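Written out below as structure tokens is the structure these notes cover.
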Amino acid sequence: MIRVTDTLSGKKETFTPGGDTVKMYVCGVTPYDESHIGHAMSYIIFDVIRRYLRYRGHQVKYVQNVTDIDDKIIERAARLGTTTSALAEKFTRSYQEDMAALNVEPPDFNPRATGEVAKIREIIEGLVAKGYAYPAGGSVYFRVRNSPDYGKLSHRTLDSMMAGARIEPGEEKEHPMDFVLWKAARPGEPSWDSPWGQGRPGWHIECSAMALKYLGESIDIHGGGQDLIFPHHENEIAQSESFTGVKPFARYWLHNGLLQVGDSKMSKSTGNLISIKEILARHSADTLRLFVLSSTYRSPLTFSEEGLEAAGRGAERLIQTAGRSGGNGKSLDVLAYRKQFLEAMDDDFNSARALSSLFDMARAINQAADSKQDIDDALKTFKELAQNVLGLTLKATEKQIGDASPFIALGNSLIAEIRETNSGLADELQKSYPADGDGGQYINWLICARAKLRAAKQFQTADEIRKKLLELGVTLEDTPQGTVWKYRK
RNA sequence: GGCGACGUAGCCAAGUGGCAAGGCGGCGGUCUGCAAAACCGCUAUUCACCGGUUCGAAUCCGGUCGUCGCCUCCA
């Protein structure tokens, strides 16, 4: 039994989907710039939720929109002298690359706002016909006063919103909180035909349209960042339920806490953005996923380089475990750890607690491997949870060695050094010295040279190789199967 | 001003009535020629502070202080 915290009720509820397939909608990005690590956090979380539901035997249909037309896109495109569609396309693709790099599975449907104008118009017309919306000056507004429960998601009333006071004067609106469904086009802006004249969809309406079109009138999970609760999701509920007359529009509203940098939220308006690409240049997807998953998804998370490094070391331990092999002793049973893992995930996707079970399991596996127990089944369970549920790759980050020259230099000076005391060995090494190749080849050669030196008990020179390699970012590990190396910066 | 969240070890973080998970770091040990990796042991008598309820509270109630979010484009 899975329990989820629903923003609407404010409580932890038993999760029971409306049908055989879990219908899941998560708000996507507005592609006018590179995606940032706040996006990474949110989409990693919903990716894990989706994976877990599937792991628990649910079919999941996952829809995510792309808001490819809005004020920011228009503004940015104009500034850069490009079209809104070219700009949106560029950053949509960049976003998709980022998600792939983070091992976030693509949605089943990924509709663009501009591709759904027909459905959007249909809904607005319906809302106008029912008296929930009214045209004014070529735009169409939603009439919040006709939705008595407006404010139920964000737990506030119209009166309390008015008290907040940061509301601009009425313009064409009947009520200050009325929001735009259809925006009249200004000269030169991209626009579509409508009964109210040339214009384009407002922000909130596309999500209602897509959810209704791709998932139906009542969906199971609607997700997004906490910053979307008001006004975006509040408005989605109002529009959707007013249009269809079906309640609830979403059975469960899930919201992730926001990523902070330093002492404030990272956001577009404060400009303290760190892009996903920037982070992935320094840290692996597993590192980032572990960093995000080691706290509960509803809490705010403070980004820090130290935090990522800590997560990275943890990730390495898991990767190390995944690569182990046991013997043919007694078979290790890890079902108790698996049970704990599932109990944690069942409890509102408590990935932090689930991870503690995974680390415990890793320790048990390492221990068993050390004592030559059979760890095949254990490893299978371990990987299933780490990869299929948490979406970790468990692959060591093989960073490309850009420049082989430091390794070549190291090899050359080594030969010269050895020649002073042992010309025979120097000749032998010289013979096997790679004429060219990538850094890896030279590293392998250096490891080979070190093995010969160790065999000859020339530990000082051998250790020097290890030390120099470490300075270049290469760690050596001597295992019974030989020496393995890792490159990390 | 309104609404909401949070304050647990050096750092990150789980735990919402019954002896304080896990990760990172640190210290000691096993293994190793020495390391690395892995493993073992230790690392919070105490959960912002004050008061209350209870046989029993990090967990419930009241208050104080502090941090953050939303109320405006945002994942």
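As the structure is a prediction and not an experimental result, all values here were calculated from the model. Throughout, a chain's letter reflects where its sequence line sits, starting with A, and its residues are numbered from 1.
Nucleotides B:C61 and B:G4, compared at atom P, are 14 Å apart to the nearest Å. B:C60 and B:C6: their P atoms are spaced 10 Å apart (whole Å). Distance noted for atom P between B:C11 and B:G26: 15 Å (whole Å). Separating the P atom of B:A57 from that of B:C49 is a span of 15 Å, rounded to the nearest Å.
Across all strands shown, A:Q320 has heavy atoms under 4.0 Å from sugar-phosphate atoms exclusively, and none from any base. Using a 4.0 Å heavy-atom distance criterion, A:D360 is classed as a sugar-phosphate-only contact. At the heavy-atom level, A:E306 lies nowhere under 4.0 Å from the strands shown. Within the 4.0 angstrom heavy-atom criterion, no nucleotide atom of any strand lies near A:R298. Looking at heavy-atom distances under 4.0 Å, A:G38 makes contact with a base. A:Y43 comes within 4.0 angstrom of sugar-phosphate atoms only, judged by non-hydrogen atoms across all strands, and of no base. Among the protein residues, A:N366 comes within range of the sugar-phosphate backbone only, with heavy atoms under 4.0 Å from sugar or phosphate atoms but none that close to a base. Here A:D71 lies out of heavy-atom contact (under 4.0 Å) with every strand. If you check every strand for non-hydrogen atoms under 4.0 Å, A:G10 touches nothing. Nucleic acid contact for A:R466: base, since at least one base atom lies under 4.0 Å from a heavy atom of the residue. Residue contacts for A:S357: at a heavy-atom cut-off of 4.0 Å it reaches no nucleic acid atom on any strand shown.
Proximity of a side-chain donor or acceptor of A:Q64 to a complementary backbone N or O of A:G28 within less than 3.5 Å is not detected. Judged purely by atom type and a 3.5 angstrom limit, A:E234 uses its side chain to pair as donor or acceptor with the backbone of A:G151.
Comparing B:C70, B:C73, B:A14 against the side chain of A:R156 picks out B:C70 as the nearest. For A:R317, counting side-chain heavy atoms from C-beta on, the closest listed nucleotide (B:A75, B:A37, B:G23) is B:G23. Of the candidates B:A21, B:A75, B:A38, the closest approach to any side-chain atom of A:S356 belongs to B:A21. Here B:G25 is the nucleotide among B:A75, B:A14, B:G25 with the atom lying nearest to any side-chain atom of A:R313. The A:Q260 side chain lies nearest to B:G69 when the options are B:G69, B:C73, B:A14. Closest to the side chain of A:D478, from the set B:C34, B:A37, B:C24, is B:C34. In the set B:A37, B:C34, B:A14, the nucleotide with an atom closest to the side chain of A:S295 is B:A14.
Mapping A:K12 and A:F230 onto RNA chain B by nearest heavy atom places A:K12 at the nucleotide closer to the 5' end. Annotation: of the two residues near RNA chain B, A:F459 and A:R353, the 5′-most nearest-nucleotide partner is A:R353.
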Exercise. Just do the side-chain hydrogen bond (donor to acceptor under 3.5 Å, both in side chains) check on A:Y141 and A:E172 with the steps written out, would you?
Key: CA-CA 9 Å; A:Y141 294 93; A:E172 316 155 331; 2.7 Å; yes

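Using a 4.0 Å cut-off, some side-chain N or O of A:T296 falls inside it from OP1 or OP2 of B:A14. OP1 or OP2 of B:C40 sits under 4.0 Å from a side-chain N or O of A:R363. Remark: A:N350 is in phosphate contact with B:G15, judged by side-chain N or O atoms under 4.0 Å from OP1 or OP2.
The distance from the CD1 atom of A:I276 to the NE2 atom of A:H39 is 7.5 Å, given to the nearest 0.5 Å.
For A:K277, the NZ atom is densely surrounded, since the number of other residues' heavy atoms within 6.0 Å is greater than 12.
Here B:C3 presents its C1' atom at 14 Å from CG of A:D159, a figure rounded to the nearest Å. One can place CD1 of A:I465 at 14 Å from C1' of B:C34, the figure rounded to the nearest angstrom.
A salt bridge links A:R251 with A:D220; the closest basic N to acidic carboxylate O contact falls under 4.0 Å.
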